[in-house]
Amino acid sequence: QSRFRHYHHQWWNENSLSQDTVRAFYRHGRTLYIGTEGGLNALNLDTGDFVHYVHDPADPQGIPHNIVRAMDMDAQGYLWLATHGGLSRFDPETQTFTNYHHQPDNPASLSNDVIWRVLGDSRGYVWAGARDALNSFDMQTGEFTRYVHNPDDPRSIPGDRISALHEDRAGHIWFSTMTTGVSRLNVDTGDLISFTHDPANSDSLSNASVFSILEDKQGFLWFGSRGG
């Protein structure tokens with residue numbers, strides 16, 4: 001018989017989950033990082049101890065928001081967080097945060113502070129899926145490139161509300177949106193191929209709302225959508 005062990009927030013217990021709505025996981029060694037709507041939690045899998053990282057408006061170098069929607073670790077060992085207060089880089093060694101925000105007068109900044117997805121790719125770039133654009137961050141220059149939908153440009157991305165990110169084994173970046181299907185971006189050439197649902201084609205994507213992307217060992221891509 002299967003048994004589940006439960007972890008909950010207990011207001012009287014500092015060594016419990018900071019909040020019960022869990023959005024994301026990332027395991028690094030014997031530490032399980034847990035993104036909640038009440039901050040970031042680091043669970044030591046050997047001792048069962050929690051460390052909480054909670055937003056403090058008076059600390060600009062702390063976690064920028066308590067809602068953590070997604071996480072990924074880059075090749076340098078930094079944990080990137082998609083939050084509702086911007087993109088954040090967490091250093092597990094120093095336990096410090098470096099935060100990136102939208103700056104209205106800077107087109108090379110993050111497009112929006114509400115970030116839904118994050119991906120560290122094999123080239124050293126960090127991709128941030130926001131509610132209004134796909135962002136690519138160059139850590140060497142500290143600048144963001146924005147990919148936005150332009151109805152007058154057929155070469156632009158088909159939609160702005162990014163719901164999933166994945167890098168395939170060839171280094172292409174796949175992303176999905178809430179309403180327009182999935183797209184494959186060739187980072188080297190900038191070429192974009194998009195796939196969406198076509199009611200007249202039974203071999204097309206089953207639904208245009210796609211929430212998850214997985215690549216299996218054979219190289220097939222699986223898309224989780226509102227229609228299967």
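We use all heavy atoms of the structure for the numbers below, so side chains are in, but hydrogens, waters and symmetry mates are not. Being a predicted model, the structure only gives us computed values, none of them experimental.
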First locate atom [atom1] of [X], then atom [atom2] of [Y], and finally report the distance between them rounded to the nearest 0.5 Å.
{"X": "Q103", "Y": "L110", "atom1": "CD", "atom2": "CG", "answer": "9.5 Å"}
{"X": "H197", "Y": "S209", "atom1": "NE2", "atom2": "OG", "answer": "10.5 Å"}
{"X": "D91", "Y": "T98", "atom1": "CG", "atom2": "OG1", "answer": "7.5 Å"}
{"X": "R23", "Y": "L40", "atom1": "CZ", "atom2": "CG", "answer": "15.0 Å"}
{"X": "L165", "Y": "S212", "atom1": "CG", "atom2": "OG", "answer": "12.0 Å"}
{"X": "D198", "Y": "S204", "atom1": "CG", "atom2": "OG", "answer": "5.0 Å"}

Exam field: side chain [X] to backbone [Y], donor-acceptor pair closer than 3.5 Å:
{"X": "H52", "Y": "N41", "result": "no"}
{"X": "R184", "Y": "F195", "result": "no"}
{"X": "Q76", "Y": "Y78", "result": "no"}
{"X": "H172", "Y": "N186", "result": "no"}
{"X": "R27", "Y": "G29", "result": "yes"}
{"X": "D74", "Y": "G120", "result": "no"}
{"X": "N15", "Y": "F50", "result": "yes"}
{"X": "N207", "Y": "G228", "result": "no"}
{"X": "T31", "Y": "A42", "result": "no"}

What closest approach, in Å, do [X] and [Y] show between heavy atoms, and which atom pair accounts for it?
{"X": "G38", "Y": "V54", "value": "O-CG2, 3.9 Å"}
{"X": "P92", "Y": "G77", "value": "CD-O, 3.3 Å"}
{"X": "L32", "Y": "L45", "value": "CB-CD2, 4.0 Å"}
{"X": "A70", "Y": "R117", "value": "CB-CA, 4.0 Å"}
{"X": "D113", "Y": "Y100", "value": "OD1-O, 4.3 Å"}
{"X": "W222", "Y": "D216", "value": "NE1-OD2, 2.9 Å"}

Tell me, do [X] and [Y] make a side-chain contact under 4.5 Å, heavy atoms counted?
{"X": "I34", "Y": "F25", "result": "yes"}
{"X": "F175", "Y": "W127", "result": "no"}
{"X": "T96", "Y": "Q61", "result": "no"}
{"X": "W116", "Y": "M178", "result": "yes"}
{"X": "Y7", "Y": "V22", "result": "no"}
{"X": "I63", "Y": "V68", "result": "yes"}
{"X": "L221", "Y": "V182", "result": "no"}
{"X": "D188", "Y": "R123", "result": "yes"}

Is there a path of hydrophobic side-chain contacts, each under 4.5 Å between heavy atoms of I, L, V, M, F, W or Y residues, that connects [X] with [Y]?
{"X": "I173", "Y": "Y125", "answer": "yes"}
{"X": "Y147", "Y": "F144", "answer": "no"}
{"X": "L134", "Y": "W174", "answer": "no"}
{"X": "L87", "Y": "L79", "answer": "no"}
{"X": "Y33", "Y": "L43", "answer": "no"}

(Q) Apply side chain to side chain contact (heavy atoms under 4.5 Å, CB included) to residues Q95 and V51 and explain how you reach the verdict. (A) CA-CA 10 Å; Q95 299 189 42; V51 177; 4.3 Å; yes
Q) Should the pair H8 and H6 be assigned to parallel (<30°), tilted (30 to 60°) or perpendicular (>60°) ring geometry? A) perpendicular
Q: Describe, in one word, how the ring planes of F97 and Y53 are oriented to each other, choosing from parallel (under 30°), tilted (30 to 60°) and perpendicular (over 60°).
A: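 Answer is perpendicular, since the angle exceeds 60°.
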Q: Run the numbers on V126 and V118 for side chain to side chain contact (heavy atoms under 4.5 Å, CB included), then give the verdict.
A: CA-CA 7 Å; V126 176; V118 65; 3.8 Å; yes
Q.
Working note: T180 + H149, criterion side chain to side chain contact (heavy atoms under 4.5 Å, CB included); need CA distance, chi angles, decisive distance, verdict.
A. CA-CA 11 Å; T180 60; H149 173 60; over 6 Å; no
Q: Establish, from distance only, whether the side-chain atoms of S136 and T145 form a donor-acceptor pair under 3.5 Å.
A: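 The criterion, which ignores hydrogens and geometry beyond distance, is not satisfied for T145 and S136.
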Q: Assess the side chains of S109 and R146: does a donor N or O sit below 3.5 Å from an acceptor N or O?
A: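 Their side chains do contain a donor-acceptor pair, which is all the 3.5 Å distance test asks for.
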Q) When you look at CZ of R155, are more than 12 heavy atoms from neighbouring residues, nucleotides or ligands closer to it than 6.0 Å? A)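 No.
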(Q) Assess the residue pair V148 and D160 against the criterion (side chain to side chain contact (heavy atoms under 4.5 Å, CB included)); give the C-alpha distance rounded to whole Å, side-chain angles, the decisive distance to 0.1 Å, and a yes or no. (A) CA-CA 6 Å; V148 298; D160 293 329; 4.2 Å; yes
